[in-house]
Every structure is written in C-alpha cells, then in structure tokens.
Amino acid sequence: MEPLKLLTVFLVIAGVFGQDDDELALEKKLCQDKSAGELFRLNAGKDSCRDVIQCTAGGLQAIRCPPGLAFDLEKQTCDWKWAVTNCDKLTKEKKVKPLLVTDEPLCEQENWLACGDGICIERGLFCNDVKDCNDGSDENACDQDTDPNRAPECDKSICTLPDCFCSEDGTEVPGDLCPENDRCERVPQMVTITFDDAINNNNIDLYKEIFNKQRRNPNGCDIKATFFVSHKYTNYSAVQEMHRLGHEIAAHSITHRNNESFWTDASVEDWAKEMGGSRLIIEKFGNITDNSVVGLRAPFLRVGGNHQFTMMEEQAFLYDSSITAPLQNPPLWPYTMYFKMPHRCHGNLQNCPTRSHAVWELVMNELDRREDPTYDEELPGCAMIDSCSNIIGGDQFYNFLTHNFYRHFDQNRAPLGLFFHAAWLKNNPEYLDAFLYWVDEVIENHPEVYFVTQTQVIQWIQDPVAVESAKNFAPWQEKCSPGPRESCFSANSCKLDSKELPGEEIRMHTCVRCPNKYPWLNDPTGDGIGF
C-alpha cells in the first residue's frame, strides 16, 4: 500500500508579529539557529501541538494545523494527531554534521575523514549504523549525496548488460534500438500491471475478469501481471492457480505492519524475516517450486534503505519495486543498484539505499494525473493508481490512462507501470469498465505493446530485441496460454491459530497438507515446533 497522503494545510493565524526592540531581540534569538523555512514551536505539549512559527524576511509568522491534525517537527508537516510523537519538543533534532568538505584536509591518513569535532576515523565507519564519532556525526550525513561510502556515478564502461544497466539520467533505452533516445519505433512498449496485498475471495473474480484468456499479446500469449502478495488472509490455492496461469508472484511481507516507520528503520534481520519468510510461505503453501519468487515490494512503499537491499542480496532476491521516481518526461527505465540512483530519493522521510547493491530496481514512475495536460495546471504525480485522488469517473480514468500511455509510447518507451490495489477497481465498476476498455483498445491498435510481468521486463532489458522479433522472444512465451486446471479442484481449508497471534483463528486455503499452526514470522512453515 502507498502511505496515506495528507494534504498539508497551513492556516496562517497571525501575520507578522509587532517589531519593537524587545520583540526584535526575541526574534533574533529564536531564529539564530534555525535553517531556512524551518518550523518550530514556542510552547511544548499536546495543547500546543497544532501551532508552530517560522522565521521569514518580514518577521515571525504563526501557523496552525487544521482541526484533528498536529504538527510533526521531524516531518515538517501536519499529520494525524495519533501519528505525531514529538509534541513535547520545541524544535526538530539538531544533528552535528561531519567535516567532509573543508578547504584543507583535516586527516593525514588516507581514507580517513573528520567527525564534527575534528577527530578523524576510517571512512568505512561512516554511515554503518554505529556511532563511532564522539558526537555521533558519522551517522548524520548519510543520504545518496553525502554518504562517504555511497555508490559511484554510473560508469557505462564497466556497467554492461546482461548483469548491469545504468545511465546518467535514467532515461536511456537499453541496447542500440533507439539511437539518442529518439526514433524508438523498434522498441516494444511494455506495460506492467501489478496488484498488491492478499489474493482471496475478495478479488479472485476480478482477476478472472481482467485476465480472461481472451486478452492476448501480439505473440498470441495471454497478457500477464505481477502480484505482490502479503500473507495474512491469502488463499494459497488461488496463488498456485495464478502462478500456473503464468502470472508472477512476488513478496509483499508476512505482517504488512501498519507502522510505516517500522519499514523505514527495520534491520536486515527484520527484512529477512518479513520478505524471506513471505517467499518461503508462498513457495510452500502455493506449491511454487520453480524459484520464480524473486521480487518484492515494501508495504506502503516505505523503502528500507541499505538494510533492505543488503537483505535482498543475502536472500538472493532479483529485484525491488518500491522506489518511486518523481514525475518527469521522458520517464525512467529500470536500473541496477550497483551505481547511484539516477533520480532523487522521492517521498516524505523516505529511506533510499545509498550503497552499491547487486539488485535490480523496477522503479515506479509517477503518473501524470492531469486529464488534459494541454490545459490543466501542473500537479504532482502519483505512483499507485488509487493514490491519484483526482480520478472521479470512468471517462476521466480512460483519458488518464491514454495520456500516460502515449507519454511513454511517444518518448523513450520506458515500461508503463500500472500499480493497483484490487479494491479500487472492485469497488468502482466504472473504473474497471474504463480500464478494460482501454486495455482492449491498446491490444487492438498497438502490435508493439506487450503486457508482461516485472521479471519479463528485466529479461528483455538483459537481451533487448526489436518489435519485429518480440513475437519470438522466448522469455515472453513461457506459460503462453495454459489450459484448464487439472488438479486441486478442492483445496484444503485449514483452520489455524498461532501463539504469535494470540486470540486469532484464521482459515487458510492450500493445495498442500495443512500445517500445524498458522505460518507467521518465527514459524513460517507452520510446524509449531518450539511454540
């Protein structure tokens, strides 16, 4: 799920304070250690949590969050009261920065850098989650532009296909099918449809309607999608069937914890339990034995930084699809994480990886939410379709899809990602009708377009073929158009509990034998041993 996007509404309750000498002195004192635009409180406590001020050229300006919200000093934005935990603070935490850029070198030893207090330590100790400087400054400058051990800029002389792909701005087309990113008629336009969360009786009928075996790619194969499956309430006999039909199954965690900061701050071990455990459960109870569960998406798209990507390397995941790229033209192609990301880390308090990792990133290009970009004012983009809150009707959704399709198709033909939660289509029949009409129209009018899985996108990037050869591209012909189901007509319905979920009894459907306990973090196989 994408995080709840709050409209940050500020109510100016007082313009500029009076400017006599005493107040000017107070203003100077309040503002002397504040960064430009920083908002802070005059009074701490829950009763004052809506109110903040900021220093402006005209003086101090008071600002109040709308009713029901409070101001989060760390996020520097209004948020739900229950989500704000720093009402007792007056200012956001001040962090001492290391002395990384100075006129003269401060450290005599090679590959040693200076802490904020001038003491030198080894470069490798910076940004390793351990405070090695006395002032802790070695952990305070660790984003993709300041981490001293960050991944290098793209170097195409050593980053070559099939194992590595990068470009300076992320828009370059793989292979030599589109010289200078212009005249891309020979590049197949890939479209990836993805669904997040549990597969169960709430959405199985929807998936059957969309993937009805009548909608086919130009190579004669059924259109395909990728399902990022969270564990709780998932029907694993349905997962097995979706995999049999050629769709991709990927991990989306066991718990899908609602605390978004958990995913931002989770340790390597936490990520391994959630995603490695999720894959184990999917493979065991979805009876998937071909090692095809190779991708993941973080809940709420809360990227886990270097911890998440270190886990992915250790657990042999092929790709992540959680990082969003801000709306831009032309859009971005997927890339490997050996080198620095070709775009800024996008999102409020997002924790993007900074180090080099042997992982593919199927970046989530934001979509242009405008119905008619010729006339409509510019708006920020949206990654998950259901976060495009301005979509209010079927015709508008159809126009939205068409505009974004041609934004990719007429430029560099970067894969068009359509990222859904099933409930958005299920609960809005008008949107579903518009979506299916659009899909059918694209299939009928564009022999260059293929609806493929996330892994199939990577397979094409690793071995690019032109439109005229795409019909015979072997990776896109696997499980081309499977026939009717020949086994597991009646799944086992397992009524299970777990000591990790006290008081809960959950029914799990699977074509394999029922486990002893409901699978969970510390017992993903459901054996119940030691519990």
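Source: prediction; values computed, not measured.
Of the possible polar contacts, none joining the S48 side chain to the G45 backbone as a donor-acceptor pair under 3.5 Å is found. A donor-acceptor pair under 3.5 Å is formed between the side chain of S321 and the backbone N or O of L362. Proximity of a side-chain donor or acceptor of R279 to a complementary backbone N or O of L296 within less than 3.5 Å is not detected. Of the possible polar contacts, none joining the Q315 side chain to the M311 backbone as a donor-acceptor pair under 3.5 Å is found. R302 places no side-chain N or O within donor-acceptor distance of the main-chain N or O of F262, the cut-off being under 3.5 Å. Formation of a donor-acceptor pair under 3.5 Å by the R64 side chain with backbone atoms of V52 is not found in this model. A donor-acceptor contact shorter than 3.5 Å links the side chain of T146 to the backbone of A141. Between the side chain of Q189 and the backbone N or O of A414, at least one donor-acceptor pair lies under 3.5 Å. When atom types are taken as modelled, the side chain of H252 and the backbone of R297 share a donor-acceptor pair closer than 3.5 angstrom. At least one donor-acceptor pair under 3.5 Å links the side chain of Q456 to the backbone N or O of T453.
Closest approach of V84 and D79 over heavy atoms only: CG2-CB, 3.9 Å. F40 approaches Q54 most closely through the heavy-atom pair CE2-CA, 4.2 Å. Closest of all the heavy-atom pairs between R369 and C382 is NH2-CB, 3.6 Å. Shortest non-hydrogen contact noted between A325 and L332 is CB-CD1, 3.5 Å. Across every non-hydrogen atom of Q328 and P330, the tightest pair is NE2-O, 2.8 Å. Contact record, Q411 with P331: NE2-CD, 4.1 Å, taken as the closest heavy-atom pair.
Here the side chains of W80 and L69 are in contact, with some heavy-atom distance below 4.5 Å. In this structure the side chain of L425 reaches within 4.5 angstrom of the side chain of I210, judged on heavy atoms. The shortest distance between side-chain heavy atoms of S253 and S278 does not fall below 4.5 Å. At least one side-chain heavy atom of N365 sits under 4.5 Å from a side-chain heavy atom of H408. Annotation: side chain of F227 is not in contact with side chain of D197 (no heavy-atom distance under 4.5 Å). Side-chain contact check for V359 versus Y338: every heavy-atom pair is 4.5 Å or farther apart. For the pair L39/L73, no side-chain contact is recorded, criterion being any heavy-atom separation below 4.5 Å from C-beta on. Within the 4.5 Å cutoff, no side-chain heavy atoms of N200 are placed close to those of T234.
For T324 and E366, the side-chain atoms include no donor-acceptor pair closer than 3.5 Å. Between H307 and D129, the side chains place a donor N or O and an acceptor N or O closer than 3.5 Å (distance only, hydrogens not considered). Q454 and T226 form no side-chain donor-acceptor contact under 3.5 Å, judged by distance and modelled atom types alone. A donor-acceptor contact closer than 3.5 angstrom is absent between the side chains of D196 and S230. Side-chain N/O atoms of N86 and D72 include a donor and acceptor closer than 3.5 Å.
Here the options are F420, Y398, F400, W424, the test is ring pair (Phe, Tyr, Trp, His ring centres under 6.0 Å), and the partner is F435; only F420 passes.
Residues forming a ring pair (Phe, Tyr, Trp, His ring centres under 6.0 Å) with H343 (at least two apart in sequence, or on another chain): Y335. With sequence neighbours excluded, the residues forming a ring pair (Phe, Tyr, Trp, His ring centres under 6.0 Å) with W333 are W460, listed by chain and number. Scanning for side-chain contact (heavy atoms from CB on, under 4.5 Å) contacts around D410 gives Y406, with sequence neighbours left out. For H357, the ring pair (Phe, Tyr, Trp, His ring centres under 6.0 Å) criterion is met by F309, not counting sequence neighbours. Under the salt bridge (Lys or Arg N to Asp or Glu O under 4.0 Å) criterion, R257 pairs with E274, not counting sequence neighbours. A423 meets the side-chain contact (heavy atoms from CB on, under 4.5 Å) test with N427; sequence neighbours excluded. In this structure, the salt bridge (Lys or Arg N to Asp or Glu O under 4.0 Å) partners of E504, at least two apart in sequence or on a different chain, are K232. Scanning for ring pair (Phe, Tyr, Trp, His ring centres under 6.0 Å) contacts around Y319 gives an empty result, with sequence neighbours left out.
The environment of CD1 in I158 is crowded: more than 12 heavy-atom neighbours from other residues, nucleotides or ligands sit within 6.0 Å. Other residues, nucleotides and ligands contribute more than 12 heavy atoms inside 6.0 Å of the CD atom of E313. Within a 6.0 Å sphere centred on CG of D395, heavy atoms belonging to other residues, nucleotides or ligands number 12 at most.
In this structure, OG in S389 is found 8.5 Å from CD1 in I391, a value given to the nearest 0.5 Å. If you take CG on L327 and CG on D368, they are separated by 5.0 Å, rounding to the nearest 0.5 Å. Atom CG of residue D132 and atom CD1 of residue I119 lie 12.0 Å apart, to the nearest 0.5 angstrom. With values rounded to the nearest 0.5 angstrom, M275 atom CE is found 7.5 Å from F317 atom CZ. Taken to the nearest 0.5 Å, the CD1 atom of I53 stands 7.0 Å off from the SG atom of C31. Distance OG1/T310 to CH2/W271: 12.0 Å, rounded to 0.5 Å.
Legend: salt bridge (Lys or Arg N to Asp or Glu O under 4.0 Å) pairs involving residues 316-334, not counting sequence neighbours: none detected. Applying the salt bridge (Lys or Arg N to Asp or Glu O under 4.0 Å) rule to pairs touching residues 133-155 yields D145-K340, D147-R355, E153-K340, sequence neighbours excluded.
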Below 3.5 Å, can you tabulate the donor-acceptor pairs from side chains in residues 89-109 to any protein atom, sequence neighbours excluded?
| residue | atom | partner | partner atom | Å |
| --- | --- | --- | --- | --- |
| K94 | NZ | E38 | OE2 | 3.2 |
| K97 | NZ | N140 | O | 2.8 |
| T102 | OG1 | E104 | O | 2.7 |

Using a 3.5 Å cut-off and no angle test, enumerate the donor-acceptor pairs between side-chain atoms of residues 120-128 and protein atoms at least two apart in sequence or in another chain.
| residue | atom | partner | partner atom | Å |
| --- | --- | --- | --- | --- |
| R123 | NE | N111 | OD1 | 3.4 |
| R123 | NH1 | P148 | O | 2.9 |
| N128 | OD1 | V130 | N | 3.1 |

Run C159 and C166 through disulfide (SG to SG under 2.5 Å) and show every step you take. CA-CA 7 Å; C159 183; C166 70; 3.6 Å; no
Going through the checks in order, is the ring pair (Phe, Tyr, Trp, His ring centres under 6.0 Å) test met by F195 and F419? CA-CA 6 Å; F195 288 94; F419 312 121; over 10 Å; no
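Pairing of C65 with C78 by a disulfide is supported, the SG atoms lying closer than 2.5 Å.
In this structure, R413 forms a cation-pi arrangement with F409, its terminal cationic atom sitting closer than 6.0 Å to the ring centre and no more than 45° off the ring axis.
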